[in-house]
K.L.:
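To start, I am sharing the structure in question, which I have written as C-alpha cells.
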Amino acid sequence: GCASTPAAPAGEAAPAAEAAPAAEAAAPAADAIVLKLGHDHTTTSPIEASAQEFKRLVEEKTNGQIVVEVYPAQQLGSSREMIESLQIGTLEAVLLPTAKFGGFDQRLNLADMPFIANSEEDFMTIFNGEIGQEAMSGLPSIGITGLAYYAEGFKAITNNVHPIKTPADLKSLKIRTMEAPIIMDMYKAWGANPVPVDFTEVYNSLQQGVVDGEENPFLSIHDMKFYEVQKYMTISDHAYLSYYMAVSTAWYDALSPELQAAVKEAGIEASAFCLKAMDAANDGYLKVIEDSGTEVYTLTPEERAAFKEASASLYMDYRDVIGGDLLDRAVAMSEELAAS
C-alpha cells in the first residue's frame with residue numbers, strides 16, 4: 001500500500017513541491033512506457049536532482065519511448081513498501097539506501113559494513129566495480145535488478161547527551177538507526193541501544209526524547225533539520241551511506257535490449273552526477289549545522305581507530321551472511337586503494 005506524504009517535523013513547513021507528486025508534466029504519449037521512480041528524500045536534495053537527471057537521460061536516450069515520473073519524499077510508501085512493489089512489478093524503479101535492501105539479499109550488507117572504505121572515492125570504486133556487481137547479483141532472482149550505487153556520504157553521529165569521542169561514550173544511549181541488522185549490530189558492539197525509527201519520524205523522536213541521537217550523512221542531518229533538535233555532532237566517518245538504484249526485474253526484462261541498455265546507462269551516468277552534486281553540497285550543509293549552534297567534533301585518527309577496533313566482531317559475525325570470499329576481497333581492495 002502507498003503511504004500518504006509524510007508530515008513535516010514539528011516547526012518545519014513541508015516544501016510546497018512535496019504536497020503533490022512531482023511528476024505533473026504533460027501526459028506521455030499513448031504508446032510511451034511509463035517508469036515511476038520513488039525515493040525518500042526531499043525535493044531540494046541532490047538525491048532528487050539525481051533522480052531528475054536520470055529522468056532526463058532515460059527520456060533522451062530512448063527518444064521519449066520511456067517517460068519517467070519521479071516521486072520524492074516516500075510518496076509511494078515506505079522503503080520496504082517500495083521495494084516490495086518492485087518485486088511484484090507495481091513500481092518500476094527506486095532510489096533508496098543500500099541498507100534497505102540488506103534484508104532482501106544479505107550480500108548487500110557489504111555496503112554497510114563499518115570502515116569498509118577509507119574514502120568516498122574508494123567506496124564508489126569498490127561498489128560500482130566487480131565487487132559491487134557481485135554483491136547485488138542475487139537480486140534478479142527475487143524480482144529486483146540493480147543499476148548502480150549512488151553517493152550520499154559518510155555518516156556522522158548526533159545526540160543530545162554529550163560529545164561522542166569513544167565507543168564508551170555511546171554506552172546505553174538510544175540511537176536511532178535504520179531497520180537494518182548490520183547497522184543495529186554495529187551500535188550494539190559499541191554499547192549503544194539501537195532503536196529503528198522510520199526516516200520521516202526521526203525529527204519528532206529526537207525532539208520528544210524517544211531516542212537520544214541518530215546517525216546520518218550531512219545531507220540528511222541538514223535537509224531533515226535534525227540539527228535543530230541535537231546538541232552534539234561527531235564527524236566519525238565510521239560507515240558510508242550509499243543509495244541504490246534498482247528496477248523491477250519483470251518490467252526490465254519486458255523491455256527490448258536497446259531500451260534495457262539505455263536505462264542501465266542512464267542509471268550509471270546519473271550515479272556519477274550524484275557524486276558530483278553531493279561533493280558540491282556537503283560544505284554548505286556542514287556550515288549550516290555548525291552555524292545552528294550544534295557542537296561539532298571530528299574524531300582524530302586514533303579515536304577513529306578505536307571505533308574500528310570495536311567493530312571488528314562484525315567482520316566475523318557477517319562472514320557467512322555476506323560470503324567470506326566477497327568480504328575478504330572487498331577488504332583487500334579497500335586496503336590496496338588506501339595504500340595507493
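Reckoned from all heavy atoms, side chains included, excluding hydrogens, waters and symmetry mates.
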K.L.:
Do Q208 and V229 come close enough that some side-chain heavy atom pair is under 4.5 Å?
P.N.:
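When only atoms from C-beta onward are counted, V229 and Q208 do not touch, as no gap falls below 4.5 Å.
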K.L.:
Are V288 and Y227 close enough that some pair of their side-chain heavy atoms sits under 4.5 Å apart?
P.N.:
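Yes, close enough: below the 4.5 Å cut-off.
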K.L.:
Sort out for me which residue in K308, E215, K155 forms a side chain to side chain donor-acceptor pair (under 3.5 Å) with H238.
P.N.:
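When side chain to side chain donor-acceptor pair (under 3.5 Å) is applied between H238 and each of K308, E215, K155, only E215 qualifies.
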K.L.:
Taking all non-hydrogen atoms of both residues, which atom of P97 and which atom of M178 are closest, and how far apart?
P.N.:
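It is CB-CE, 3.7 Å.
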K.L.:
Just to verify, what does Y187 make a ring-ring contact (aromatic ring centres under 6.0 Å, His included) with, not counting sequence neighbours?
P.N.:
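Y187 satisfies ring-ring contact (aromatic ring centres under 6.0 Å, His included) with W190 only.
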K.L.:
Do M136 and I268 belong together in a cluster built from hydrophobic side chains that touch within less than 4.5 Å?
P.N.:
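Hydrophobic grouping puts M136 apart from I268.
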K.L.:
Kindly compute the distance separating CZ (F54) from CD (E59), expressed to the nearest 0.5 Å.
P.N.:
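Here the rounded value is 10.0 Å.
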K.L.:
Roughly how far, to the nearest 0.5 Å, is NE2 of H39 from OG of S50?
P.N.:
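It is 9.0 Å, given to the nearest 0.5 Å.
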K.L.:
Determine yes or no for a side-chain-to-main-chain donor-acceptor pair under 3.5 angstrom, with S292 supplying the side chain and I289 the backbone.
P.N.:
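Yes.
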K.L.:
Does Q230 reach the main-chain N or O of N159 with its side chain, forming a donor-acceptor pair under 3.5 Å?
P.N.:
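Judged by distance alone, yes, a pair lies under 3.5 Å.
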K.L.:
With side chain to side chain contact (heavy atoms under 4.5 Å, CB included) as the test, would you mind laying out the steps for L139 and T145 before giving the verdict?
P.N.:
CA-CA 6 Å; L139 289 174; T145 296; over 6 Å; no
K.L.:
Sub-3.5 Å donor-acceptor pair from the side chain of Y315 to the main-chain atoms of P114, do we have one?
P.N.:
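Flag set: sc Y315 to bb P114 pair under 3.5 Å.
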K.L.:
Give the minimum heavy-atom separation between A156 and M233, together with the two atoms involved.
P.N.:
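For A156 versus M233, the nearest heavy atoms are CB-CG, 3.9 Å.
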K.L.:
I164 and side-chain contact (heavy atoms from CB on, under 4.5 Å): which single residue from Y232, F307, Y297 fits?
P.N.:
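Exactly one candidate clears the test, F307.
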K.L.:
State the CD-OG1 distance between Q75 and T43, to the nearest 0.5 angstrom.
P.N.:
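One gets 9.0 Å once the value is rounded to the nearest 0.5 Å.
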K.L.:
Spell out, as yes or no, whether a donor-acceptor pair under 3.5 Å connects the side chain of D212 to the backbone of N160.
P.N.:
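No: the side chain of D212 does not pair with the backbone of N160.
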K.L.:
Determine, for K36 against E69, whether the closest basic-nitrogen to carboxylate-oxygen distance falls under 4.0 angstrom.
P.N.:
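No salt bridge links K36 with E69.
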K.L.:
Quick test of your reading of the model: are E179 and R80 salt-bridged, counting only N-O distances below 4.0 Å?
P.N.:
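No, E179 and R80 are not salt-bridged.
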K.L.:
Applying side chain to side chain contact (heavy atoms under 4.5 Å, CB included), run through D253 and Q260 and close with a yes or a no.
P.N.:
CA-CA 8 Å; D253 286 353; Q260 285 182 345; 4.1 Å; yes
K.L.:
For Q133, does the CD atom sit with more than 12 other heavy atoms under 6.0 Å from it, leaving out its own atoms?
P.N.:
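More than 12 heavy atoms, drawn from other residues, nucleotides or ligands, come within 6.0 Å of this atom.
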K.L.:
Enumerate the residue pairs fulfilling salt bridge (charged side-chain N to carboxylate O under 4.0 Å, His left out) with a member in residues 230-241, sequence neighbours excluded, ordered by first and then second residue.
P.N.:
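For residues 230-241: none.
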K.L.:
Is there a donor-acceptor pair closer than 3.5 Å between any side-chain N or O of E81 and the backbone N or O of L76?
P.N.:
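Not confirmed, E81 side chain does not pair with L76 backbone.
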K.L.:
What side-chain donor-acceptor pairs closer than 3.5 Å can you find for residues 331-340, not counting sequence neighbours?
P.N.:
from: S334; atom 1: OG; to: I116; atom 2: O; distance (Å): 2.9
from: S340; atom 1: OG; to: E336; atom 2: O; distance (Å): 3.3
from: S340; atom 1: OG; to: L337; atom 2: O; distance (Å): 2.9

K.L.:
Between the side chain of K55 and the main-chain N/O of V68, is any donor-acceptor distance below 3.5 Å?
P.N.:
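It does hold such a pair.
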K.L.:
Give me the atom names and distance for the closest heavy-atom approach of L96 to S79.
P.N.:
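Smallest interatomic distance, heavy atoms only, reads CD2-OG, 3.7 Å.
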K.L.:
Could you go through the side chain to side chain contact (heavy atoms under 4.5 Å, CB included) check for T158 and T294 one step at a time?
P.N.:
CA-CA 9 Å; T158 70; T294 298; 5.9 Å; no
K.L.:
Hydrogens and angles aside, do Y240 and E120 bring a side-chain donor and acceptor to less than 3.5 Å of each other?
P.N.:
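Yes, side-chain donor-acceptor contact under 3.5 Å.
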K.L.:
Roughly how far apart are S220 OG and D40 CG, rounded to 0.5 Å?
P.N.:
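Output value for this atom pair is 7.5 Å.
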K.L.:
Where do F115 and S311 come nearest, in terms of heavy atoms and distance?
P.N.:
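Looking at all heavy atoms of both residues, the closest pair is CE1-OG, 3.7 Å.
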K.L.:
Would you say L57 and V94 are hydrophobically clustered, going by side-chain heavy atoms of ILVMFWY under 4.5 Å?
P.N.:
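Hydrophobic grouping puts L57 apart from V94.
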K.L.:
State, to 0.1 Å, how close T62 and A262 come at their nearest heavy-atom pair, and which atoms those are.
P.N.:
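Smallest heavy-atom distance, with atoms named: CG2-CB, 3.7 Å.
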K.L.:
Check whether any side-chain heavy atom of M224 sits under 4.5 Å from a side-chain heavy atom of T42, and report yes or no.
P.N.:
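Yes. Closest side-chain heavy atoms under 4.5 Å.
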K.L.:
Below 4.0 angstrom, N of the basic side chain to O of the carboxylate: do E303 and K165 qualify?
P.N.:
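Not counted as a salt bridge, because no side-chain N and carboxylate O are separated by less than 4.0 Å.
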K.L.:
When rounded to the nearest 0.5 angstrom, what distance separates OG in S137 from CG in L108?
P.N.:
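Separation between the atoms: 9.0 Å.
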K.L.:
For residues 269-284, which side-chain donor-acceptor pairs fall under 3.5 Å, sequence neighbours excluded?
P.N.:
from: E269; atom 1: OE2; to: K61; atom 2: NZ; distance (Å): 3.0
from: S271; atom 1: OG; to: Y149; atom 2: O; distance (Å): 2.6
from: N282; atom 1: ND2; to: M278; atom 2: O; distance (Å): 3.3

K.L.:
If we only count heavy atoms from C-beta on, is the D169 to T234 side-chain gap below 4.5 Å?
P.N.:
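In short, these two side chains do not touch, never coming nearer than 4.5 Å.
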K.L.:
Less than 4.0 angstrom from a charged side-chain N to a carboxylate O is my criterion; do D291 and K287 meet it?
P.N.:
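Yes.
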K.L.:
Taking salt bridge (charged side-chain N to carboxylate O under 4.0 Å, His left out) as the test, write out the residues that go with E60, two or more places apart.
P.N.:
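Per chain and number, E60 pairs via salt bridge (charged side-chain N to carboxylate O under 4.0 Å, His left out) with R56.
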K.L.:
Is there a chain of hydrophobic side chains (I, L, V, M, F, W, Y, each step under 4.5 Å between heavy atoms) that links I322 to M184?
P.N.:
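Unlinked, I322 and M184 end up in two clusters.
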K.L.:
Would you call F123 and S242 a side-chain contact if the rule is heavy atoms closer than 4.5 Å?
P.N.:
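They are in side-chain contact.
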K.L.:
Look at the aromatic rings of H41 and Y243 and report parallel, tilted or perpendicular, splitting at 30° and 60°.
P.N.:
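Judged by the thresholds at 30° and 60°, the geometry between H41 and Y243 is tilted.
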K.L.:
Side-chain contact test, heavy atoms from C-beta onward, threshold under 4.5 Å: evaluate it for L37 versus E92 and give yes or no.
P.N.:
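The answer is no; the side chains never approach within 4.5 Å.
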K.L.:
Under the criterion side chain to side chain contact (heavy atoms under 4.5 Å, CB included), I'd like the reasoning laid out for W251 against L35: C-alpha separation, chi angles, the key distance, then a yes or no.
P.N.:
CA-CA 9 Å; W251 177 84; L35 187 167; 3.3 Å; yes
K.L.:
As a quick check of understanding, evaluate side chain to side chain donor-acceptor pair (under 3.5 Å) for S45 and D223, giving each step before the final call.
P.N.:
CA-CA 7 Å; S45 70; D223 278 10; 4.5 Å; no
K.L.:
Give a yes or no answer on whether the side chain of Y318 reaches the backbone of I182 with a donor-acceptor pair at less than 3.5 Å.
P.N.:
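The answer is yes, because a donor-acceptor pair under 3.5 Å joins these two groups.
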K.L.:
Under a 4.5 Å cut-off applied to non-hydrogen side-chain atoms, are L241 and L219 in contact?
P.N.:
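A side-chain contact under 4.5 Å is absent here.
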K.L.:
Give the minimum heavy-atom separation between G138 and S141, together with the two atoms involved.
P.N.:
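Distance-wise, the nearest heavy atoms are O-OG, 2.6 Å.
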K.L.:
Tell me whether K225 forms a cation-pi arrangement with Y203, defined as NZ or CZ under 6.0 Å from the six-membered ring centre and within 45 degrees of its axis.
P.N.:
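Judged by the rule, K225 and Y203 form no cation-pi pair.
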K.L.:
Does E309 have more than 12 heavy atoms from other residues, nucleotides or ligands lying within 6.0 Å of its CD?
P.N.:
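Counting other residues, nucleotides and ligands, CD of E309 stays at 12 neighbours or fewer.
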K.L.:
Let me confirm one number: the CZ-CD distance from F199 to Q74, rounded to the nearest 0.5 Å.
P.N.:
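Answer for the CZ-CD pair, F199 versus Q74, is 8.0 Å.
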K.L.:
For V197, enumerate each residue passing the side-chain contact (heavy atoms from CB on, under 4.5 Å) test, keeping only those at least two apart in sequence or located in another chain.
P.N.:
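For V197 the side-chain contact (heavy atoms from CB on, under 4.5 Å) partners, ignoring immediate neighbours, are R176, V195, E201, V202, S205, V211.
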